[in-house]
2 protein chains.
Amino acid sequence: MDSRGVRRESTMRDVAALAKVSIKTVSRVINDLPGAGPEVVERVRAAALSLGYRPNLTASSLRRSDRRSATIGVLLEDLSNPFDAALLRAIEDRARQNDVLVLAGSSEDDPDLQRELVTSLATRRVDGMVVMAVGGHQDGLQQERERGTPMVLVDRPPMFDGTDSVTTTNRDSSREAVLHLASLGHRRISFLGDRKTLWTSQERYTGYLEGLAHAGLTLREELVRTDLHGPGAAEAAAATLFDLDEPPTALFTAQNLVTVGAMRALRARELHRRVALIGFDDFPLADMLEPGVTVLRQDVPALGRKAAELVFDRIRGDKSAPTHAVVPATLVHRGSGEIPSH
Amino acid sequence: MDSRGVRRESTMRDVAALAKVSIKTVSRVINDLPGAGPEVVERVRAAALSLGYRPNLTASSLRRSDRRSATIGVLLEDLSNPFDAALLRAIEDRARQNDVLVLAGSSEDDPDLQRELVTSLATRRVDGMVVMAVGGHQDGLQQERERGTPMVLVDRPPMFDGTDSVTTTNRDSSREAVLHLASLGHRRISFLGDRKTLWTSQERYTGYLEGLAHAGLTLREELVRTDLHGPGAAEAAAATLFDLDEPPTALFTAQNLVTVGAMRALRARELHRRVALIGFDDFPLADMLEPGVTVLRQDVPALGRKAAELVFDRIRGDKSAPTHAVVPATLVHRGSGEIPSH
DNA sequence: GTGGGTTACGTCAACGTTGACGTAGGAGGA
DNA sequence: TCCTCCTACGTCAACGTTGACGTAACCCAC
């Protein structure tokens with residue numbers, strides 16, 4: 001205990017004194033390095049145990065030549081969003097296999113906050129970062145990358161060169177969804193999307209356009225609503241669609257919270273069994289609603305796993321060209337996307 | 001760059017050399033300490049900027065007398081569970097206000113994994129921990145606590161003395177739910193619970209018993225199913241209830257995944273509009289199902305906030321007696337809990 | 001002009017650990 | 001016997017930073 005009554009953690013010095021060996025020998029024993037006789041190993045182990053000694057990773061990483069902190073940073077948009085949470089969990093699992101811990105943060109899609117968090121992580125000398133980049137503001141990330149920090153972007157690709165990324169088949173899957181709706185006779189298919197600054201939103205919108213084109217449908221601007229942040233905005237926007245003279249017979253919602261908002265609007269007007277709906281991103285209980293919600297399901301565990309694997313490869317010194325992994329999403333038919341045009 | 005082509009982070013030494021001052025003066029400028037003239041401050045700032053200098057928090061915390069790493073550990077059961085994710089997010093928000101980052105981990109309700117993670121955190125010298133303790137195995141936590149690590153338990157109270165905790169009104173709210181069902185005429189109210197080793201499960205079961213007693217109902221053992229881990233087990237268990245000669249007319253499900261499983265069973269038998277259901281823990285979209293699911297909603301942000309505040313108080317040296325905060329849950333009426341007995 | 005205080009620096013050692021290197025003692029071969 | 005090599009230790013310095021303390025220069029009052 002020191003003067004403030006705080007117990008001091010014991011150090012190699014303490015263990016060395018008790019075992020009557022040098023600090024360096026303790027270091028050898030603790031790290032299972034050769035150069036310590038069996039008898040000494042025993043004595044040191046016993047001393048360490050009796051003092052409750054635990055190595056100080058910060059001191060060790062400061063001194064060691066590899067400088068590893070055995071910690072990576074994971075910066076997502078909102079850790080409480082089910083998508084982000086599942087991603088974090090997948091990354092954490094892979095990290096654990098490498099004896100690495102995860103420093104997690106929510107950027108809230110705020111460029112300043114993202115920059116601040118990146119600095120915070122750098123200050124703690126994390127070995128690498130997995131980042132869901134804030135839309136349109138990647139200069140802070142690029143600077144960090146240029147300093148040599150291993151970095152992988154998830155969900156959204158880098159706007160600069162030399163960085164790995166893992167994304168979903170946003171465009172292709174969106175096109176597939178729209179074609180599916182068109183094949184059921186829908187001609188007025190609405191698009192509801194998240195903030196336009198997000199790359200995923202743009203891609204999904206492009207896929208929507210491609211789908212319309214492939215199906216021989218023309219784009220009706222009045223059926224497109226973008227920049228919807230959160231379920232509330234989505235609900236309000238969806239509601240206005242049904243005041244049109246020619247309202248949509250099908251909706252394609254390009255993000256999970258937007259899907260939820262649109263569903264609320266449909267229900268409020270008792271349209272949920274008449275208007276078709278396909279959403280991007282699966283969510284819990286989508287199958288238990290009536291009708292079940294047809295979605296494009298991203299393979300979130302695969303996204304997280306791949307992202308983690310890429311950072312760890314880089315941390316291990318992989319110098320090959322940047323990888324841009326794309327994980328396919330699947331169209332899950334549950335009913336809402338199978339409502340025919342009326 | 002060193003021999004491996006890895007750029008070395010610049011240090012105070014580099015900045016000092018460039019600004020032609022001593023390292024100590026750089027330290028003073030970086031930390032906004034007095035004792036540096038305005039001209040020197042400018043020179044040092046410019047040098048630091050041009051070198052892209054960023055302080056090394058690990059070195060700094062090693063040397064400083066307070067030893068703070070500006071990092072706390074948060075150990076939950078499963079970061080991808082919506083409840084855990086919301087909790088993490090709430091803790092993270094409070095941590096950020098203290099310029100503290102969060103090391104997050106999932107214990108998966110495995111005592112060995114929990115112990116390993118606690119050691120991992122300790123090795124990184126976190127300033128404190130917020131832990132959702134694994135059911136029935138708290139000795140590792142107790143040891144850590146006894147070493148002086150600030151620790152707060154969330155969701156489940158400590159089984160040892162001297163540690164703060166934040167929990168919900170598990171028992172009282174469960175009783176309230178059962179009484180609510182009884183007031184609608186239900187006499188055969190079933191209990192479906194998570195693993196019995198969990199304190200929350202036990203409390204909720206006790207609340208159930210109290211509710212029955214207050215309502216003048218006798219416990220029917222055949223209506224009680226416990227140790228249901230995950231929606232699958234819950235669904236199977238719920239299904240068997242309806243093969244009884246006298247099946248329940250109402251269900252009280254004591255955990256969110258159990259609620260989901262039970263709902264699936266009800267739907268499979270088309271009973272979801274006939275059998276009443278109240279679940280512990282709210283979940284997204286509970287209001288959009290038909291009927292809406294009546295739940296006991298925990299105030300997750302308040303739980304997380306309070307837990308974070310308690311650790312930070314302890315980290316700041318608060319030596320007062322342990323606090324056991326209890327955050328009230330609310331009964332949210334949505335329909336499923338208002339189905340009368342038939 | 002001298003004493004006392006303040007300001008703006010600098011020097012040194014230490015936090016806990018590990019890499020580089022030194023050394024005593026024994027084994028083994030010529 | 002002497003030389004070499006190996007094993008099992010030890011010593012020393014350094015990682016990047018900060019606390020303790022030293023000191024030169026200057027200000028102000030008496």
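Everything quoted here is computed from the prediction, not taken from an experiment. Each chain gets a letter, A, B and so on, in the order its sequence line appears, and its residues count up from 1.
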Requested in this report: To the nearest Å, give me how far apart CE (Met12(A)) and C1' (dC9(D)) are.
Outcome: 16 Å
Query - salt bridge (Lys or Arg N to Asp or Glu O under 4.0 Å) partners for Asp139(A), two or more places apart - result: Arg115(A)
Query raised in the report: Touch check for Gly35(A), heavy atoms < 4.0 angstrom, all strands: base, sugar-phosphate only, or nothing?
Result: base
Query raised in the report: Touch check for Ser22(A), heavy atoms < 4.0 angstrom, all strands: base, sugar-phosphate only, or nothing?
Result: base
Query raised in the report: So do Val154(A) and Leu76(A) actually touch side chain to side chain, heavy atoms under 4.5 Å?
Result: yes
Requested in this report: Measure from the side chain of Ile23(B), starting at C-beta and using heavy atoms only, and say which of dT17(C), dT17(D), dT11(D) lies closest.
Outcome: dT17(D)
Report task. Return yes if the base of dT17(D) and the side-chain atoms of Arg63(B) contain a donor-acceptor N/O pair under 3.5 Å, otherwise no. Result -> no
Query raised in the report: For the atom pair CG (Leu79(A)) and CG (Leu79(B)), what is the distance rounded to the nearest 0.5 Å?
Result: 8.5 Å
Query raised in the report: Looking at Thr25(B), does any N or O in its side chain come under 4.0 Å of the phosphate oxygens OP1/OP2 on dC9(C)?
Result: no
Requested in this report: Specify the separation, in whole Å, of atom OH of Tyr53(A) and atom P of dG16(C).
Outcome: 10 Å
Query raised in the report: For Arg8(B) and dC15(D), what is the distance between atoms CZ and P respectively, to the nearest whole Å?
Result: 9 Å
Query raised in the report: Atom CZ of Arg64(A) to atom C1' of dT17(C): distance rounded to whole Å?
Result: 9 Å
Query - Candidate nucleotides dT18(D), dT17(C), dT18(C), ranked by approach to the side chain of Ser27(A) - the nearest - result: dT18(C)
Query - Gap between atoms CD and C1', on Glu39(A) and dT7(D) respectively (whole Å) - result: 15 Å
Query raised in the report: What's the CZ-P distance between Arg43(B) and dA8(C), to the nearest Å?
Result: 14 Å
Query raised in the report: Side-chain donor-acceptor pair under 3.5 Å between Thr25(B) and Ser22(B), yes or no?
Result: yes
Query - Qualifying residues under side chain to side chain contact (heavy atoms under 4.5 Å, CB included), relative to Pro157(A), sequence neighbours excluded - result: Ser165(A), Thr167(A), Trp199(A)
Report task. Taking salt bridge (Lys or Arg N to Asp or Glu O under 4.0 Å) as the test, write out the residues that go with Arg63(A), two or more places apart. Result -> none
Query - Qualifying residues under side chain to side chain donor-acceptor pair (under 3.5 Å), relative to Asp84(B), sequence neighbours excluded - result: none
**Report entry** Phosphate contact (dT18(D) OP1 or OP2) by Asn31(B) side-chain N/O below 4.0 Å
**Finding:** yes
Query - Where protein sits on nucleotides 21-28 of chain C, one letter per nucleotide: B base, S sugar-phosphate only, - none, heavy atoms under 4.0 Å - result: --------
Query raised in the report: Quick one: Leu62(A) CG to dT18(C) C1', roughly how many Å, whole number?
Result: 10 Å
Query raised in the report: Does a nitrogen or oxygen in the side chain of Ser65(B) sit under 4.0 Å from OP1 or OP2 of dT18(D)?
Result: no
Query raised in the report: What nucleic acid atoms does Pro34(B) come within less than 4.0 Å of, heavy atoms only: base, sugar-phosphate, or nothing?
Result: nothing
Report summary line: Against the side chain of Lys24(A), the closest entry in dG19(D), dT11(D), dT17(D) is dT11(D)
**Report entry** Among dC15(D), dT18(D), dT17(C), the one nearest Arg67(A) by side-chain distance
**Finding:** dC15(D)
Report summary line: Regarding the side chain of Arg13(A), the nearest nucleotide among dT17(C), dC15(C), dC9(C) is dC15(C)
Query raised in the report: Pick the nucleotide of DNA chain D nearest each of Ile30(B) and Lys20(A); which residue has the one closer to the 5' end?
Result: Lys20(A)
Requested in this report: May I have the distance from Leu33(B) (atom CG) to dA8(C) (atom C1'), rounded to whole angstrom?
Outcome: 13 Å
Requested in this report: Please list, chain by chain and in numerical order, all residues satisfying side chain to side chain contact (heavy atoms under 4.5 Å, CB included) with Asn56(A), sequence neighbours excluded.
Outcome: Thr58(A), Ala59(A), Leu62(B), Arg125(B)
Report summary line: On DNA chain C, more 5' by nearest nucleotide between Ala36(B) and Leu57(A) is Ala36(B)
Query raised in the report: Of the nucleotides dT17(C), dG10(D), dT17(D), which has the atom closest to the Ala59(B) side chain?
Result: dT17(D)
